[in-house]
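Throughout, a chain's letter reflects where its sequence line sits, starting with A, and its residues are numbered from 1. Values reported hereafter were calculated over all heavy atoms of this structure, with side chains retained and with hydrogens, waters and symmetry mates removed.
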Protein chains: 2
Amino acid sequence: MPATIRDVAKKAGVGLGTVSRVLNQSPQVSDRTRQRVQDVIDELDYSPNPIARRLSLGKTHTIAVIIPFFTRPAAVERLRGITYSISGTEYDLIVANIETPERRIAAFRELARRERVDGVLIISLPFSEKDAELFIKSGIPLVFIDVNDPLLHDFNRIVVDDIEGGRKAVQHLLDLGHTNIGYISDVLEDPFPFSASRARFNGYRQALEAAGISPCPELHRHGEHSRSDAKIITAEMLRMPDRPTAIFAASDTQAIGVLETVREAGLRIPEDLSVIGYDDVEIADHLGLTTVRQLLVESGEKGVRLLLEVMQDPLREAECETLPTELIIRNTTAPPG
Amino acid sequence: MPATIRDVAKKAGVGLGTVSRVLNQSPQVSDRTRQRVQDVIDELDYSPNPIARRLSLGKTHTIAVIIPFFTRPAAVERLRGITYSISGTEYDLIVANIETPERRIAAFRELARRERVDGVLIISLPFSEKDAELFIKSGIPLVFIDVNDPLLHDFNRIVVDDIEGGRKAVQHLLDLGHTNIGYISDVLEDPFPFSASRARFNGYRQALEAAGISPCPELHRHGEHSRSDAKIITAEMLRMPDRPTAIFAASDTQAIGVLETVREAGLRIPEDLSVIGYDDVEIADHLGLTTVRQLLVESGEKGVRLLLEVMQDPLREAECETLPTELIIRNTTAPPG
DNA sequence: CTGTTAGCGCCTTCAA
DNA sequence: TTGAAGGCGCTAACAG
């Protein structure tokens, strides 16, 4: 059995309030008793029971992160940033991985409770008014990362300028001389209408329209966020009579699927088809994939920092920081053959 | 403020012991009162405060996983298995990501405490007698995943037969006719002498010796577990007067570094050099990398299951389950040019 | 400066 | 079958 504060108090011959005070660095303890207590603490290898502490303080000392498909490379990087920032604080992190709509609902209901967490980080997940209600009612501090939704004006968030990112990608293709540009994205509707995909799509459209090209609906296809779905879509695009000379994929994972299918079809990259991805995940560099880099790790770090601030001062004005994107040109894009 | 058990009791006109009983499905409550209480619970949207519950029960309801470099693909997969198995239980998961020796020590000290966790999962981390002492003294249930150390005979663990895996990899190369085979591994000593690397190395040696080849020390090099270090090592190997015709890398990540350097050197794979990795991470398939597959997700799932059992019955005999490996032949291995 | 006491919210006896 | 009381380990407010 671990020692308790009472054991320490008894052994040190002081009241347990005093022990509590040295534990919490209260200034109102004489150096002599502080030292005495500290010695006993060391001797007993005592460490306060965090659970009891939490109950007494009325705080859970835990932060939850709700993240879809946390094993995707981009999500992992965000999570990495989060764990970096959170270690060193007194907070525990619990992560809710969402892979189905049911889990999403369950997680929201479970975690929008003061009894469970002190703050919540929501990553890359679409958010409805009903969800918002849940959190507003519970009054739990909330920070969004990579959720860019007009609905969210009054919330704290770290967003990526995906419209600009999408525009940059397409502009790059345009600059190279492409006019027939396909776009492969995640599903834009249920179950997870990732707002990022939509924003990138808007960037795609904007760039095209600015160049006087009217986006052809045939060239915009979506599927599950996976290599395999991207492959299927790519194959369809390649079969089009007037097939695109370049493809912009909403993520590197999907871009890799594109590369695969194109090569299997016996076409050369970038001579026969240009491909550009999004995220700049680690392997992109190895593959020579041209892509749009976003600050994944930083987004996690900043999210935690912001959440901590909000938790400290729940009434502060909502803040929205936009992270930049950067075009990384490698070897999968070139002028059309 | 969330409702408490007292609010429910008062509103339902019962003692709060009764509410507690219906909460914990005690059979000794009449259906009528049970229903009445349940109605109030629903009405108030009451849910018991887990912290108070934990303090009262003397259990933390949390499991910790200590994992080095959890952003590496293989680690992520293990973690994924863990989160799968743990969701659906009443346990919270806290993950301690270890990237430096200091963090390792801190995490061990912090988590080998009953006050903090009910059980601990240690993944892919070397373990010393001192560490063991810490946990034995605290009496915290412990399960190792992917830690294969003779020292650990008395502990519960899920291991991979890395010796066999290493042997399979090298045997495959031998079968193709290679005799001059390089091995690139993680650092075998401090700060993290991953036992897996060593086991694979033993497999490498055994296979060679069985084939009557005495392993040349020059051909075994190690560096950090990274693409970049693997590249440096590969470059050195390629400069050797009698350079290897095949390289076995202790992980796919490192194998990818090998591929890169070889291609940069203008050599062809597999004609000029065969490469085989380990893990079969997701991208391996895209790259056509021959590799040794291990059951990453399963290892996490089984680890949790085992830990849960141990927590239920701490005195049960230690169990060690060995997971198999499988050779996955793709396009980076061929007979020597 | 320090000891004592009253909770934090829940579970679990012990009586009734 | 149920209510009341004690305690889990800690913090904070109140006396002294």
Report summary line: Under a 4.0 Å heavy-atom cutoff, the residues of residues 28-35 of chain A touching DNA chain C are Q28(A), V29(A), S30(A), T33(A)

Requested in this report: Using only side-chain N and O atoms of S20(B), determine if any of them is under 4.0 Å from OP1 or OP2 of dC10(C).
Outcome: no

Query raised in the report: Just by distance, do the side chain of D186(B) and the backbone of H225(B) share a donor-acceptor pair under 3.5 Å?
Result: no

Query - T71(A) and E77(B): side chain donor to acceptor below 3.5 Å - result: no

Query raised in the report: Among I82(A), I98(A), I66(A), V147(A), whose side-chain contact (heavy atoms from CB on, under 4.5 Å) with I123(A) holds?
Result: I82(A)

**Report entry** Sidechain-backbone polar pair: D118(B) side chain, T60(B) backbone, donor-acceptor under 3.5 Å
**Finding:** yes

Query raised in the report: Is a side-chain N or O of N24(B) found less than 3.5 angstrom from the main chain of S26(B), in a donor-acceptor match?
Result: no

Query - Ring geometry between F127(A) and F135(A) (parallel below 30°, tilted from 30 to 60°, perpendicular above 60°) - result: tilted

Could you list all N or O pairs between the protein and nucleotides 13-16 of chain D that sit under 3.5 Å apart?
{"unit_1": "dA13(D)", "atom_1": "N6", "unit_2": "R21(A)", "atom_2": "NH2", "d": "3.3"}

Requested in this report: Find out whether the Lys NZ or Arg CZ of R157(A) is both under 6.0 angstrom from the six-membered ring centre of F155(A) and within 45° of the ring's axis.
Outcome: no

Requested in this report: Using atom types as modelled and distance alone, determine if a side-chain donor or acceptor of N97(B) lies under 3.5 Å from a backbone N or O of F70(B).
Outcome: yes

Query raised in the report: Which part of the nucleic acid, if any, lies within reach of V14(A) when heavy atoms closer than 4.0 Å are counted: base, sugar-phosphate only, or nothing?
Result: sugar-phosphate

Query raised in the report: Which pairs, with at least one residue in residues 299-311 of chain A and sequence neighbours excluded, count as a side chain to side chain donor-acceptor pair (under 3.5 Å)?
Result: R78(A)-S299(A), K302(A)-E321(A), E309(A)-R316(A)

Query - Nearest-angstrom distance from the residue atom CD of E90(B) to C1' of dC11(C) - result: 14 Å

Query raised in the report: In whole angstroms, how far is the P atom of dC11(C) from the CD atom of Q25(B)?
Result: 11 Å

Requested in this report: Give a yes or no on whether a salt bridge exists between E133(B) and K130(B), defined as a side-chain N under 4.0 angstrom from a carboxylate O.
Outcome: no

Query raised in the report: Between dC11(C) atom P and R6(B) atom CZ, what is the distance in whole Å?
Result: 13 Å

Identify every side-chain donor-acceptor pair in residues 39-46 of chain B under 3.5 Å, counting partners at least two apart or on other chains, and give the distances.
{"unit_1": "D39(B)", "atom_1": "OD1", "unit_2": "Q35(B)", "atom_2": "NE2", "d": "2.9"}
{"unit_1": "D42(B)", "atom_1": "OD1", "unit_2": "Q38(B)", "atom_2": "NE2", "d": "3.1"}
{"unit_1": "E43(B)", "atom_1": "OE2", "unit_2": "K11(B)", "atom_2": "NZ", "d": "3.2"}
{"unit_1": "D45(B)", "atom_1": "OD1", "unit_2": "R113(A)", "atom_2": "NH2", "d": "2.9"}
{"unit_1": "D45(B)", "atom_1": "OD2", "unit_2": "R113(A)", "atom_2": "NH2", "d": "3.1"}

Query raised in the report: Taking the nucleotide of DNA chain D with the closest heavy atom to each, which residue, N24(A) or P27(B), is nearer the 5' end?
Result: P27(B)

**Report entry** Flag, side chain of R114(A) to backbone of G139(A), donor-acceptor distance under 3.5 Å
**Finding:** yes

Query - Between D92(A) and T62(A): side-chain donor-acceptor atoms closer than 3.5 Å - result: no

Query raised in the report: Contacts to DNA chain C from residues 38-63 of chain A, heavy-atom cutoff under 4.0 Å, which residues?
Result: L55(A), S56(A)

Query raised in the report: Between the two ends of the helix from dC1(C)-dG16(D) to dA16(C)-dT1(D), what is the bend in degrees, rounded to 10 degrees, where each end axis spans five pairs?
Result: 50°

Query raised in the report: How many Å lie between CD1 on I5(A) and P on dC8(D), as a whole number?
Result: 14 Å

Query raised in the report: Between dG9(C) atom P and R116(A) atom CZ, what is the distance in whole Å?
Result: 16 Å

Query raised in the report: Nearest-Å distance, CZ (R114(A)) to C1' (dG9(C))?
Result: 16 Å

Requested in this report: Identify whether the distance between the nearest side-chain nitrogen and carboxylate oxygen of D131(B) and R104(B) falls below 4.0 Å.
Outcome: yes

